[in-house]
Amino acid sequence: MVKLEDVRPADCYAHARRLLAEVGAIRNEMGRSEDTRPALELSDAKPRECYFAGLATWHKVSRLAAEVGAAPTSFIHTVPALRELRPGHVLRLIEAIQHQVAGIKKQLHVAESNEVPAIEAARQPADVLVTLIQVGRQISRALERPFTPSDVFARVEQASAYVGGTAAGAAFERRRTPRHCYERLMACHAAAAKKLSNHGETSVTMRVVPADVVPGDVYDVATLVLGEVALLHSLTANAPAIYAFESNAEGHWLPGHVDQLARTLEAQLG
């Protein structure tokens with residue numbers, strides 16, 4: 001096994017590409033159509049953002065494993081402070097996802113396998129991030145119970161708890177869509193990135209909203225926002241300690257509730 005400190009973004013990219021091919025085989029076996037939307041346009045990503053995208057993918061593949069009856073796997077690797085996340089930590093998470101994917105394939109009797117492709121040395125964290133998001137999209141097409149606004153609400157609620165403060169809650173607006181939620185969370189991400197820049201940290205640049213946004217897409221961007229506000233919290237000297245946070249998001253939540261909480265989060269960040 002390659003030492004954690006020797007792992008490069010190109011190594012992560014190669015393993016993420018293999019993971020994408022493996023997930024595609026599962027989706028095909030289940031008779032589900034491919035998500036053919038263009039890949040996201042991203043630049044200047046960091047390993048921590050790849051790691052959080054990997055966590056979103058981990059949650060999706062874990063749900064698929066439960067649905068098909070595959071044995072669950074665990075991910076127990078110790079993670080350092082967010083500022084110290086390295087490509088090696090991302091690769092360990094990708095390997096854990098691959099292990100769960102192998103269990104799903106076994107359960108579905110998918111014998112074909114895909115090898116790790118040749119290393120492309122010029123690949124950067126942005127390439128890894130885009131690929132992990134594509135993996136999550138393909139997993140979503142295979143799920144019997146796709147991610148919903150309620151799943152997203154729990155993520156945004158956790159981010160709001162990290163930020164804290166006394167911002168007034170935003171008013172509820174009816175007939176919001178996942179696209180509204182995605183756009184609002186992009187605004188939250190930009191606000192968090194602006195504050196992180198004061199601590200010498202840069203964040204990924206997300207240029208466009210994906211076509212035909214579904215709650216699974218919103219879950220991805222909400223997880224990225226959560227990672228940024230968690231880092232921001234850790235870098236703020238006077239930040240209050242975060243208690244062991246358990247989401248209170250039980251129940252049925254509409255995109256309007258997610259949009260409402262995201263607007264509240266944006267006000268908190270402001």
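The basis for the numbers below is simple: all heavy atoms, side chains too, and nothing from hydrogens, waters or symmetry mates. Fair warning: this is a prediction, and the values are worked out from it, not measured in the lab. Along the sequence shown, the residues carry numbers beginning at 1.
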(request) Assess the side chains of Q268 and S160: does a donor N or O sit below 3.5 Å from an acceptor N or O? (result)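 Checked: Q268/S160 side chains pair up, N/O donor to acceptor below 3.5 Å.
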(message) Are the side chains of L232 and L269 in contact, using a 4.5 Å heavy-atom criterion?
(response)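 Yes. Closest side-chain heavy atoms under 4.5 Å.
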Got a list of side-chain donor-acceptor pairs under 3.5 Å for residues 127-135, not counting sequence neighbours?
{"from": "D127", "atom 1": "OD1", "to": "R123", "atom 2": "NH1", "distance (Å)": "3.4"}
{"from": "D127", "atom 1": "OD2", "to": "Q124", "atom 2": "N", "distance (Å)": "2.8"}
{"from": "T131", "atom 1": "OG1", "to": "D127", "atom 2": "O", "distance (Å)": "2.8"}

Heavy atoms only: give me the nearest [X]-[Y] pair and the separation to one decimal.
| X | Y | value |
| --- | --- | --- |
| V209 | M186 | CG2-SD, 3.6 Å |
| W253 | S150 | N-OG, 3.0 Å |
| R18 | N114 | NE-O, 2.8 Å |
| C188 | A262 | SG-O, 3.2 Å |
| E120 | A10 | O-CB, 3.3 Å |
| L143 | K60 | CD2-O, 3.9 Å |

(request) Starting from the C-alpha separation in whole Å, work towards a yes-or-no answer on salt bridge (charged side-chain N to carboxylate O under 4.0 Å, His left out) for E228 and R48. (result) CA-CA 9 Å; E228 296 301 86; R48 71 172 186 275; 2.8 Å; yes
Is any side-chain N of the basic residue among [X] and [Y] closer than 4.0 Å to the acidic one's carboxylate O?
| X | Y | answer |
| --- | --- | --- |
| R92 | E95 | yes |
| E201 | K46 | no |
| E144 | R32 | yes |
| D151 | R155 | no |
| R63 | E67 | no |

(request) Answer yes if L265 and L254 sit in the same cluster of Ile, Leu, Val, Met, Phe, Trp and Tyr residues linked by side chain heavy atoms under 4.5 Å apart, and no otherwise. (result) no
(message) Please tell me whether F153 and V214 are part of a single hydrophobic cluster in this structure, the criterion being side-chain heavy atoms less than 4.5 Å apart.
(response)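 Different clusters.
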(request) Report yes if the distance between the aromatic ring centroids of Y162 and H233 is under 6.0 Å, otherwise no. (result) yes
